[in-house]
Amino acid sequence: MSSLAVRKAAPAAGTTPGTAQGPPLRRRIALVPTLTLLLGAIYCLLPVAWVLIAATKSGSELFSTFTFLPGSGFADNLSDLNAYRDGIYWQWMGNSALYAGLGALLSTAVSAISGYALAIYRFRGREAVFNVLMAGVLMPPVILAIPQYLLMAKADLADSYWSVLLPLVLSPYGVYLARIYAAAAVPADVVEAGRVDGASEWRIFTRIALPMMVPGLVTVFLFQFVAVWNNFLLPYIMLSDDEKFPITLGLFTLLEQGANTPALYTLVITGALLAVGPLIALFLVIQRFWSLDLLSGAVKS
């Protein structure tokens, strides 16, 4: 019985046996996306780092010390911000929470119903309605701002909380996401089984389809909350009473006054830093919904 001998390949000329021949070309090419993402992360996080460090500086340190050298005035900045006009900054924060929270909740509810209807039901003009919504996604908000203001003024709602909330209820992008998610997450057989069992259309939607759509609707809520929280143009056009301003418009007025009163620059920077906190907290709270099983809600119902 003969044995097979395994021969090792002879080392290439000019190399030492047993030493690595260098990383393969594929591994070096794979570093390019990583480096690109790293550069993008630095580009996005650098302004955040600047705001975080600048908020610790007093008015005299802000323009006289190295940019990324922390200061010693963060506590004083918080105290001055809290005392400015009897704490109107916190009223601006409360207004933003109202606009973003209630606006995102109403928008998510409208998107859920509209997206479910466009995904499940077959009716004449369905694709035309969806195409109109897609056109709304592509339309810049600045084009709609003036017509929305004229409508609100005609309804005597200008300079009110409703003038900011009502235009945000319908989100074409939210309806688009809800339709795509409902078509993928809600099987037609499940809906038909509910109808066979005698359940009403509203009961099928609320007890079967809606739990399946929760992860997608959480995404819609998050996108809409961030969009409303960062919205500047619509409140700028609709509102004239600064006690109804959201945080974006309030900080803008502080920044304008800072041209004549440089001491307000520290309040703007500190206020901008605090304004990011609710967005980070919201993301940390609701991100767990994305890991839920798509069918777990319907099984529990």
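Every value quoted in this text rests on a predicted model; they were computed, and no experiment measured them. Worth knowing before you read on, the calculation uses all heavy atoms, side chains too, and leaves out hydrogens, waters and symmetry mates.
The shortest non-hydrogen separation linking L239 to S160 is CD2-O, 3.6 Å. Shortest non-hydrogen contact noted between F68 and L46 is CZ-CD1, 3.7 Å. Across all non-hydrogen atoms, the minimal contact from M139 to L144 is SD-CD2, 3.5 Å. Shown here for S163 and L157, the closest heavy-atom pair between the two residues is CB-O, 3.2 Å. Closest approach of Y149 to A158, counting heavy atoms only: CE1-CB, 4.1 Å. Of all the heavy atoms in L273 and A55, the pair that sits closest is CD2-CB, 3.6 Å.
Apart from L38 itself, the hydrophobic cluster it occupies contains I42, where clustering links Ile, Leu, Val, Met, Phe, Trp and Tyr at side-chain heavy-atom distances under 4.5 Å.
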Please set out all donor-acceptor pairs under 3.5 angstrom arising from side-chain atoms of residues 222-235, sequence neighbours excluded.
from, atom 1, to, atom 2, distance (Å)
Q224, OE1, S171, OG, 3.3
Q224, NE2, L168, O, 3.2
W229, NE1, A275, O, 3.2
N230, ND2, V226, O, 3.3

Mind listing the side-chain donor-acceptor pairs of residues 105-113 below 3.5 Å, one per line with the distance, residues two or more places apart or on another chain?
from, atom 1, to, atom 2, distance (Å)
S107, OG, V169, O, 3.3
T108, OG1, A104, O, 2.6
S111, OG, S107, O, 2.8

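Under the side-chain hydrogen bond (donor to acceptor under 3.5 Å, both in side chains) criterion, S60 pairs with S58, sequence neighbours left out. Considering only residues two or more places apart in sequence or on other chains, R126 meets the salt bridge (charged side-chain N to carboxylate O under 4.0 Å, His left out) condition with none of them. In this structure E243 satisfies the salt bridge (charged side-chain N to carboxylate O under 4.0 Å, His left out) test with no other residue, sequence neighbours excluded. Take R122 and apply the salt bridge (charged side-chain N to carboxylate O under 4.0 Å, His left out) test, not counting sequence neighbours, and it matches no residue. Y84 meets the side-chain hydrogen bond (donor to acceptor under 3.5 Å, both in side chains) test with Q257; sequence neighbours excluded. Contacts of L150 classified as side-chain contact (heavy atoms from CB on, under 4.5 Å), with partners at least two apart in sequence or in another chain: I146.
The distance from the CG atom of L249 to the CG atom of L254 is 10.5 Å, given to the nearest 0.5 Å. Rounding to the nearest 0.5 Å gives a distance of 6.0 Å between CZ of F130 and OH of Y176. Rounded to the nearest 0.5 Å, atoms CG (L267) and CG (L78) are 10.0 Å apart. Rounding to the nearest 0.5 Å places CG of L166 at 9.0 Å from CE of M238. Atom CG in N82 sits 10.5 Å away from atom CG in L274 (nearest 0.5 Å). Within the model, atoms CG of L81 and CD1 of I88 stand 11.0 Å from one another, a figure rounded to the nearest 0.5 Å.
Hydrophobic clustering (ILVMFWY, side-chain heavy atoms < 4.5 Å, transitive): I143 and V137 are in one cluster. Clustering ILVMFWY residues whenever any of their side-chain heavy atoms sit less than 4.5 angstrom apart, transitively, puts V218 in the very cluster that holds F283. Note on W202: it clusters hydrophobically with I204, by side-chain heavy-atom contacts below 4.5 Å among ILVMFWY residues. Placement of V48 and Y265 in two distinct hydrophobic clusters is found when ILVMFWY residues are connected by side-chain heavy-atom separations under 4.5 Å, directly or transitively. W162 and M152 fall within a single hydrophobic cluster, where Ile, Leu, Val, Met, Phe, Trp and Tyr are joined by side-chain heavy atoms under 4.5 Å apart, directly or via other members.
Residues P278 and M93 have side chains in contact (heavy-atom distance under 4.5 Å, counting atoms from C-beta outward). Between L102 and L165 there is a side-chain heavy-atom pair separated by less than 4.5 Å. By the 4.5 Å heavy-atom criterion applied to side chains, N95 and W90 are not counted as neighbours. Side-chain atoms of V220 and V175, non-hydrogen and from C-beta on, never get closer than 4.5 Å to each other. Proximity of Y181 to P215: side-chain heavy atoms (C-beta onward) are separated by under 4.5 Å at one or more points.
The side-chain hydrogen bond (donor to acceptor under 3.5 Å, both in side chains) analysis of residues 70-81, with sequence neighbours excluded, yields the pairs E61-S72. Counting only residues at least two apart or in different chains, salt bridge (Lys or Arg N to Asp or Glu O under 4.0 Å) contacts with residues 164-187 comprise E127-R179. Among pairs with a residue in residues 38-57, those fulfilling side-chain hydrogen bond (donor to acceptor under 3.5 Å, both in side chains) read K57-T65, at least two apart in sequence or across chains.
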(request) Go through the steps for Y99 and Y161 under the test ring-ring contact (aromatic ring centres under 6.0 Å, His included), then give the verdict. (result) CA-CA 8 Å; Y99 295 139; Y161 289 102; 5.8 Å; yes
(request) Begin from the C-alpha positions of Y121 and E201 and carry the test side chain to side chain contact (heavy atoms under 4.5 Å, CB included) through to its verdict. (result) CA-CA 11 Å; Y121 298 114; E201 295 296 329; 2.6 Å; yes
(message) Test side chain to side chain contact (heavy atoms under 4.5 Å, CB included) on D241 and K244; report intermediate values, then the result.
(response) CA-CA 6 Å; D241 184 3; K244 299 174 183 176; 3.8 Å; yes
(request) Begin with the C-alpha distance, continue with both residues' side-chain angles, and end with the deciding distance and a verdict on side chain to side chain contact (heavy atoms under 4.5 Å, CB included) for I208 and V191. (result) CA-CA 8 Å; I208 299 177; V191 176; 5.8 Å; no
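Within a 6.0 Å sphere centred on CG of D156, heavy atoms belonging to other residues, nucleotides or ligands number 12 at most. Counting heavy-atom neighbours within 6.0 Å of N131 CG, excluding the residue itself, gives a total above 12. No more than 12 heavy atoms of other residues, nucleotides or ligands shown are found within 6.0 angstrom of OH on Y236. More than 12 heavy atoms of other residues, nucleotides or ligands shown are found within 6.0 angstrom of CZ on F205.
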